[in-house]
Structure formats: C-alpha cells, structure tokens
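The block underneath contains the structure these notes are about, expressed in structure tokens.
Just so we're on the same page: letters track the sequence lines, and every chain starts at 1. Because only heavy atoms are used, hydrogens play no part in the values below, and waters and symmetry mates are left out as well, while side chains stay in.
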Amino acid sequence: ETGVTQSPTHLIKTRGQQVTLRCSSQSGHNTVSWYQQALGQGPQFIFQYYREEENGRGNFPPRFSGLQFPNYSSELNVNALELDDSALYLCASSLRDSQSLSLQYFGAGTRLSVL
Amino acid sequence: QKEVEQNSGPLSVPEGAIASLNCTYSDRGSQSFFWYRQYSGKSPELIMFIYSNGDKEDGRFTAQLNKASQYVSLLIRDSQPSDSATYLCAVTRGDMRFGAGTRLTVKP
C-alpha cells in the first residue's frame, strides 16, 4: 500500500460529458502528478501540481485541467470527453525538497470508459 | 524517436534464471531513472531507482546505468513466477517519462 488513494475506481461516461477524478496524497507528500495510461502503453504525463500550482504539463489539451488543495489532495478534470480518453488515470504523490530524490508512488488508479 | 524505449516483449525466462530488461532514453539531460513493476490491472509499483553511473543492487534486483550510452537496465536474479509482470522504465528531467514496458513471464 502506497497511502495514495484515488476515487472512483471505475467510471463510465459518454462523449461530450465532463469528469472529475480525485486523489489523496501520501501523508507528508507535497506534490501530485497525474498520468494517463492507455491499454498496452506506459503512463503518459498529464501534469504535476506542487504547492497548489501547476508545475509542468505534458502534451495534453487544455480540456484536461487540475487542482491541488491546501491538504495536497488533487483533482483531475476532463471536459468534452472523447472516446480516446478511455484509459487508466493514475495519480502519483511525492515529496519535493532540495535534499532528496523525489520518488513517486502511485495510487490504484481510476479506470475511465467513454462510450 | 520515442523518449524512452523498451522492448515490448514478451520476455520469457525459466524459474531461477536471470531476467534482463533494457531501456534506452533520448534526453541526455535526464537525471534520474526508475524501474516500476506493474501487474495486470494494477498500478505501477516502484522497485528500483538509480541516478549515478554504475550498478545498484537491492535484493534480487540490480539496476545498471550508463549515461554515456543513454542506457539503463534491470536484472532480476533467481526469477520467480511472481515476478511475471510488465516492467516500466521511467526517466526524469523535471517530469517523469515512461517507456511502454516490457512484459516478463517467468515459467515454473
């Protein structure tokens, strides 16, 4: 167990709808990264939040957005869902500081199906 | 060219053998290198990390890094059927970039 929790575990939506996925970080961690993993592929970096601000973004359109809260939990929002958004969405938390290598630990993921 | 490349496999080894997993990366500025194990239907689990050239051992696992060749590998000694999974190589320079993974099967 990594101490990173994600909800919901599964979700079914239709094209054009909006979805919000949630992630609670491991205790003591201040950074959350979100990834999309399509079947048979490695995780693709969506964005990272550090101290409530976006701190890096991958090659994803603006309809993918996020938030990080003061308790370091986070949300991923996806608007105008497309069929290709069907994937496993992974949240990873880490502790970012100047003294140590930042190790990312993943939650169990949310499997999103867009019909 | 993909940022992180791995042989997709499947790689099949007999129980007790050494499994060798390889990864190359394109960004010479990459700073840290990770190996994650992912069982089918589960999330990635961190098993090794390395950031200096050379070897790093942890139990049955050895990670090897050669920055000049932009190459990182994972050796699994005394492979067990429970090691059967997809192994993901990841590199960081700021954010983390993953390869597509190598599927390993250890046959009893």
**OP:** Determine, stepwise, if the pair B/Asp27 / B/Arg97 fulfils salt bridge (charged side-chain N to carboxylate O under 4.0 Å, His left out).
**Re:** CA-CA 10 Å; B/Asp27 184 356; B/Arg97 308 289 169 146; over 6 Å; no
Original post:
If you look only at pairs with a residue in residues 10-102 of chain B, which of them pass as a disulfide bond (SG atoms under 2.5 Å apart), with sequence neighbours excluded?
Top reply: B/Cys23-B/Cys89
Subject >> Residue A/Gln37 versus chain B: region with a heavy atom under 4.5 Å >> reply: side chain
Original post:
Of all of A/Gly56, A/Ala108, A/Gly58, which one pairs up most often with chain B through heavy atoms under 4.5 Å apart?
Top reply: A/Ala108
**OP:** Please confirm whether B/Lys42 makes a cation-pi placement over A/Phe106, using NZ or CZ under 6.0 Å from the six-membered ring centre and within 45° of the ring normal.
**Re:** no
**OP:** Describe, in one word, how the ring planes of B/Phe34 and B/Tyr36 are oriented to each other, choosing from parallel (under 30°), tilted (30 to 60°) and perpendicular (over 60°).
**Re:** tilted
Subject >> Portion of A/Tyr35 that has a non-hydrogen atom of chain B nearer than 4.5 angstrom >> reply: side chain
Subject >> Which atoms of B/Gln38 approach chain A - backbone, side chain, both or neither, heavy atom under 4.5 Å >> reply: side chain
